[in-house]
Amino acid sequence: MCNLDMSGSYLLSYHQKLCHENPDVIINIGKGAKLGIEECQQQMENERWNCSTVEQDTSVFGKVMQKASQEKAFVHAITSASVVHQITRACRRGELRNCSCDEKIDGRSDGEFNWGGCSDNIAYGLRTAKLFVDSFEKETDAKAMMNLHNNLVGRRAVKRHMITKCKCHGISESCEYMTCWRTMAPFHKVGNFLKQKHQHAFIVTVDQKSKQLLWAKGNFQQKPSRDDLVFLEKFPDYCVRNPGTGSLGTTGRSCNQNVPEDHGSCDILCCGRGYNTIQVVEEYKCDCTVQWCCQVNCKTCRRIVDRHMCKSPEDNNFLKDIAHN
């Protein structure tokens, strides 16, 4: 574990030292990276780029990450956020030697309730994620500035989605007084927020004088906010497989013909190439009965359903040749 980073590459000397001194932290950073990949794939499952990982590739997502694109921006943000989330959660569970509950949240809040319980130590999670994830950026060029900005967006997304939970106390739960604590929202909510930011990401450039990221469009130069994802270049095409860019294409992807203007629709996902419809046998639970007290028994039923699969460019070329002949 102390030889490889989250993506499978060899660790820098700084990370090696951190790993040997705090193996519990490194283990949870790895778990956080895995959480980020899983959330990325859930958020992007109906998009042309579906956050596919590439086996036997040290960068996890392959050559797609070589472009300073919107997708790279999202990967950096979701990974940074997931590391914060996992480290903070491990801290709350007592899995880390040098971290405990947030003891700064104490006393009474505006006379309404008492702070108590174990508030998430989000400050520790933010600090640890910044030290580890940001330290991979050794350059000072535009791509490094972009990555650091999006790392920050991810960390802030976890913090801004903190919620307050409370427990009532008193006779027969009369709630004579309450004890409350601060905790993180489920990570899927953070993922939803970052997905929206991905859809409205800003293309930026670098001011060579001030070395700052600035909007590349508009009549005046303005810095992006610390909650906006930014990118430097558009990815050429996710529709067609291209080993040179790392695009896997959308051939064979399952699509939905009933949502013509939505993500996951056949019109969008198949890039105008059309789709083939096949029939498959699908199993599902049916005739369920509840037995006292808490057991549910179901039968396994089968039904035939239509599946719509995106055509390949070769399919279209074949049909065109037939039409011409």
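Keep in mind that the numbers below use all heavy atoms, side chains included, and drop hydrogens, waters and symmetry copies.
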Does the Cys255 SG fall under 2.5 Å from that of Cys266? yes
Once you find the SG atom in Cys118 and the one in Cys101, is the distance between them below 2.5 Å?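 Yes.
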Check whether any side-chain heavy atom of [X] sits under 4.5 Å from a side-chain heavy atom of [Y], and report yes or no.
X      : Y      : value
Val153 : Arg226 : no
Val296 : Cys288 : yes
Ser69  : Lys72  : yes
Lys130 : Asn151 : no
Cys180 : Trp115 : yes
Lys234 : Lys67  : no
Gln212 : Val206 : no
Asp134 : Arg155 : yes

Can you list the residues that meet the ring-ring contact (aromatic ring centres under 6.0 Å, His included) rule with Phe74, with sequence neighbours excluded?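 Per chain and number, Phe74 pairs via ring-ring contact (aromatic ring centres under 6.0 Å, His included) with His198.
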Partners passing ring-ring contact (aromatic ring centres under 6.0 Å, His included) against Tyr124 (at least two apart in sequence or in another chain):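 ring-ring contact (aromatic ring centres under 6.0 Å, His included) check on Tyr124 returns nothing, list empty.
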Anything under 30° is parallel, anything over 60° is perpendicular, the rest tilted; go ahead and classify Phe193 against His161.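 Perpendicular, since the angle between the ring planes exceeds 60°.
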Parallel, tilted or perpendicular: which fits the ring planes of Phe132 and Phe136, with parallel below 30° and perpendicular above 60°? perpendicular
What pairs of residues pass the side chain to side chain donor-acceptor pair (under 3.5 Å) test when at least one of them lies in residues 293-303, not counting sequence neighbours? Glu282-Arg303, Glu283-Arg302, Gln291-Asn297, Gln295-Asn297
For atom CZ of Arg241, is the number of surrounding heavy atoms from other residues, nucleotides or ligands below 6.0 Å larger than 12? no
Identify the residue among Val84, Thr183, Leu35, Asn28 that makes a side chain to side chain contact (heavy atoms under 4.5 Å, CB included) with Arg89. Leu35
